[in-house]
Amino acid sequence: MNRRGNRRAGIWLAVLAAAALLAPMSGYAQTQGMERRQHRRQNRDDARRTRQEGRHAARDAKQACKDAGGNRIDCRQQKREMKQDARGEARDQKYGTDQKPTQ
């Protein structure tokens with residue numbers, strides 16, 4: 001009976017060792033491609049946030065201009081210029097500038 005128990009223990013030990021070898025490794029490998037994709041994703045998110053903030057600021061500025069009694073056309077032009085500036089900043093964040101390209 002002692003041999004039979006030792007044999008069972010040996011079989012169980014072999015099964016557990018095989019299961020441990022066949023189980024997928026925990027964690028993941030971070031490749032350069034994954035890092036570049038994450039960097040581009042972050043650039044896009046930052047650019048989107050900049051455009052969104054620009055839209056909100058332009059909307060508030062137009063309303064303030066109208067409340068101050070400004071000309072409707074001038075207020076609209078001011079809003080348009082603010083949005084264009086925000087788009088330019090977002091473009092620079094996403095793609096970089098001539099002096100400083102994104103990595």
Side-chain angles (χ1 to χ4, degrees):
M1 194 142 156
N2 196 10
R3 285 184 183 183
R4 188 172 164 193
N6 287 342
R7 190 175 294 157
R8 281 188 185 171
I11 290 173
W12 277 109
L13 185 60
V15 168
L16 288 174
L21 290 174
L22 295 177
M25 298 294 289
S26 61
Y28 59 94
Q30 184 76 0
T31 64
Q32 291 177 350
M34 293 171 72
E35 291 173 357
R36 284 193 305 268
R37 274 192 300 278
Q38 183 62 34
H39 186 70
R40 285 193 311 266
R41 185 174 297 129
Q42 186 65 41
N43 286 347
R44 283 193 309 266
D45 291 344
D46 291 345
R48 182 182 185 280
R49 191 175 306 108
T50 300
R51 285 190 308 271
Q52 188 72 33
E53 290 169 358
R55 283 193 295 266
H56 290 305
R59 189 177 305 132
D60 294 341
K62 180 181 177 185
Q63 189 61 43
C65 178
K66 287 174 23 181
D67 291 343
N71 187 357
R72 181 173 175 260
I73 295 171
D74 293 336
C75 295
R76 192 168 77 195
Q77 185 63 33
Q78 179 184 6
K79 177 182 177 184
R80 181 177 295 141
E81 288 172 0
M82 289 181 72
K83 285 176 68 175
Q84 286 288 51
D85 291 343
R87 287 184 195 125
E89 289 176 27
R91 199 174 304 116
D92 291 343
Q93 284 179 335
K94 188 174 179 182
Y95 300 114
T97 61
D98 292 337
Q99 294 81 25
K100 183 182 162 202
T102 58
Q103 297 173 359

query = Who pairs with Ile11 by side chain to side chain contact (heavy atoms under 4.5 Å, CB included), at least two apart in sequence or on another chain?
reply =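 Testing Ile11 for side chain to side chain contact (heavy atoms under 4.5 Å, CB included), a comparison that skips the adjacent residues, returns Arg7, Val15.
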
inquiry  = Once side chain to side chain contact (heavy atoms under 4.5 Å, CB included) is applied, do any residues pair with Ala61, and if so which ones, sequence neighbours excluded?
reply    =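 Expected list: Gln78, Met82.
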
request  = State which residues pass side chain to side chain donor-acceptor pair (under 3.5 Å) with Gln63; sequence neighbours excluded, sorted by chain then number.
outcome  =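 Here the qualifying residues are Asp67.
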
Let me check something: any side-chain donor-acceptor pairs from residues 49-56 under 3.5 Å, sequence neighbours excluded? List them with distances.
unit_1 : atom_1 : unit_2 : atom_2 : d
Arg49  : NH1    : Asp46  : OD1    : 2.9
Thr50  : OG1    : Asp46  : O      : 3.0
Thr50  : OG1    : Gln93  : OE1    : 2.6
Thr50  : OG1    : Gln93  : NE2    : 3.2
Gln52  : OE1    : Arg55  : NH2    : 2.4
Gln52  : NE2    : His56  : NE2    : 3.0
His56  : ND1    : Arg59  : NH1    : 3.1

key: Step-by-step side-chain contact (heavy atoms from CB on, under 4.5 Å) determination, Gln38 to Glu35   = CA-CA 5 Å; Gln38 183 62 34; Glu35 291 173 357; 5.7 Å; no

Spacing of CZ belonging to Arg40 relative to OH belonging to Tyr95, to within rounding of 0.5 Å =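 Those atoms lie 11.0 Å apart.
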
request  = If a pair satisfies salt bridge (Lys or Arg N to Asp or Glu O under 4.0 Å) and one of its residues is in residues 72-86, list it, with sequence neighbours excluded.
outcome  =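 Sorted result for residues 72-86: empty, none.
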
request  = Return each pair, listed once, that meets disulfide (SG to SG under 2.5 Å) where at least one residue sits in residues 45-82; pairs must be two or more places apart or across chains.
outcome  =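 As it turns out, the disulfide (SG to SG under 2.5 Å) pairs with a partner in residues 45-82, which skip direct neighbours, are Cys65-Cys75.
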
